[in-house]
K.L.:
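Before anything else, here's the structure in question.
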There are 2 protein chains.
Amino acid sequence: MSKQELEVIGQGADGCCDGLASAPLDDERVAQLAKVFKALGDPVRLRLLSMIASREGGEVCVCEMTPAFDLSQPTISHHLKLLRQAGLIDCERRGTWVYYWVLPGALDQLAAFLTMPQTAGATA
Amino acid sequence: MSKQELEVIGQGADGCCDGLASAPLDDERVAQLAKVFKALGDPVRLRLLSMIASREGGEVCVCEMTPAFDLSQPTISHHLKLLRQAGLIDCERRGTWVYYWVLPGALDQLAAFLTMPQTAGATA
DNA sequence: AGGTTGCATCAACGAACGTCAATACAAGCC
DNA sequence: GGCTTGTATTGACGTTCGTTGATGCAACCT
């Protein structure tokens, strides 16, 4: 089950850490980044991710997340799947329950991408 | 025209720089952040933002961006509007042409939000 | 004034998204 | 085995999104 995420953040390929302002961005990298940002662009998924990331142990059981929302269980499962396909989280079944945790590398690369290389115009 | 952006990044309110893993995130902040991430979650808007951010002068005329895409002019205008409403860019009319630039504070706050406060579980 | 160019807005269409009830699958318990 | 609980998948629905042609507005130029 945990083999399904798409390795969306291009960390094995060539352009590892280009940054928003470095260049006009090639199409493939744009598509990957857009997918991750789209996964973050929903309040429910953002709360889910925050709920997982803020946990001390780093892992949260689905049985704890589902009742925290006013949504059905399939809906929560669907949002978790999208976060996983974006490469932001991963999961593992442990007996009856399934636990999710954050893949910190994905978040760090996103943060690095968004960080402007100092004041624009200084290099002119 | 440039008064229309929504000041989406909550920099004037209380919780300025909480971070993903600090707490379960209150609803209002989640909605604001989701809106910004959703604005970034489209390949066209990501390319537009990169095109603006990578410019030395920091400003790009719409007349330069529109022909760079295989899309109609209203579509580009629409995407620029969404980026502006998300608080990521701003614009100004100068004679016949309209110039766009990046609001770096928005990107920096997003990056800070995504940066994990070191290894989860260390604070336990 | 009239004409032209650059950009935004409007109205409408198909596609993608978020949600749910129903169902299926996995694991434990009797 | 059958029953119960936890989670994922399916199929369907209404809503939102991305795109377009048509139109409107602003600024320049004769």
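For clarity, every value in this text was computed on a predicted model and none was experimentally measured. All chains are named by letter (A, B, ...) in the order of the sequence lines, taking the proteins before the strands, and each is independently numbered beginning at 1.
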K.L.:
Give the cluster check for V30(B) versus M65(A): same hydrophobic cluster or not, with ILVMFWY residues linked at side-chain heavy-atom distances below 4.5 Å.
P.N.:
yes
K.L.:
Can you tell if the side chain of L103(B) reaches within under 4.5 Å of the side chain of L88(B), non-hydrogen atoms only?
P.N.:
no
K.L.:
Between T115(B) and A111(B), is there a donor-acceptor pair closer than 3.5 Å when you use the side chain of the first and the backbone of the second?
P.N.:
yes
K.L.:
Let me know the distance between NZ of K81(B) and C1' of dG18(D), rounded to the nearest Å.
P.N.:
14 Å
K.L.:
Write down the distance between CD1 (I89(B)) and P (dC7(C)), rounded to a whole number of angstrom.
P.N.:
13 Å
K.L.:
Is any side-chain heavy atom of L83(A) less than 4.5 Å from a side-chain heavy atom of L48(A)?
P.N.:
yes
K.L.:
Looking at dA8(D), I'd like to know if its phosphate oxygens (OP1 or OP2) sit under 4.0 Å from a side-chain N or O belonging to S77(A).
P.N.:
yes
K.L.:
Could you list, one pair per line, each protein nitrogen or oxygen that sits under 3.5 Å from a nitrogen or oxygen of nucleotides 13-17 of chain D, together with the distance?
P.N.:
none

K.L.:
Quickly work out the E92(A) CD to dA27(C) P distance and round it to whole Å.
P.N.:
12 Å
K.L.:
Looking only at side-chain atoms of V62(A), point me to the closest of dT5(D), dT7(D), dA22(D).
P.N.:
dT7(D)
K.L.:
Could you state the CD-P distance from Q73(A) to dA8(D), rounded to the nearest angstrom?
P.N.:
7 Å
K.L.:
If I take atom CG in residue L83(B) and atom P in nucleotide dA8(C), what distance separates them, rounded to the nearest angstrom?
P.N.:
12 Å
K.L.:
Does dG18(D) have OP1 or OP2 under 4.0 Å away from a side-chain N or O of T75(B)?
P.N.:
no
K.L.:
Whole angstrom is fine here: how far is it from CZ in R93(B) over to C1' in dG24(D)?
P.N.:
12 Å
K.L.:
Between the main-chain N or O of H79(A) and the side-chain N or O of R84(A), is there a donor-acceptor pair closer than 3.5 Å?
P.N.:
no
K.L.:
Counting only side-chain heavy atoms from C-beta out, which of dC7(C), dG6(D), dT19(D) sits nearest to W97(B)?
P.N.:
dC7(C)
K.L.:
Taking the minimum atom-to-atom distance to the side chain of Y100(A), which one of dA8(D), dT19(D), dA27(C) wins?
P.N.:
dA8(D)
K.L.:
Which comes earlier along DNA chain C counting from the 5' end, the contact point of C63(B) or that of D70(A), where each point is its nearest nucleotide?
P.N.:
C63(B)
K.L.:
With a non-hydrogen cut-off below 4.0 angstrom, is L71(A) in contact with a base, only sugar-phosphate, or nothing?
P.N.:
sugar-phosphate
K.L.:
Indicate yes or no: at least one non-hydrogen side-chain atom of L49(B) is less than 4.5 angstrom from one of L107(B).
P.N.:
yes
K.L.:
How close or far is atom P of dT9(C) from atom CD1 of I76(B), stated in whole angstroms?
P.N.:
15 Å
K.L.:
Are Y99(B) and E92(B) side-chain neighbours, meaning at least one heavy-atom pair lies under 4.5 Å?
P.N.:
no
K.L.:
Do any pairs count as a side chain to side chain donor-acceptor pair (under 3.5 Å) and have a residue in residues 61-73 of chain B, sequence neighbours left out, and if so which ones?
P.N.:
R55(B)-E64(B), S72(B)-T75(B)
K.L.:
What is the distance from NZ of K35(A) to C1' of dC17(C), rounded to the nearest Å?
P.N.:
14 Å
K.L.:
For the helix from dA1(C)-dT30(D) to dC30(C)-dG1(D), measure the angle between the helix axis at one end and the axis at the other, each built from five pairs, rounding to 10°.
P.N.:
10°
K.L.:
Angle class for the F37(B)/F37(A) ring planes (parallel below 30°, perpendicular above 60°, tilted otherwise)?
P.N.:
parallel
K.L.:
Looking at S72(B), I'd like to know whether one of its side-chain N or O atoms comes within less than 4.0 Å of OP1 or OP2 on dT20(D).
P.N.:
yes
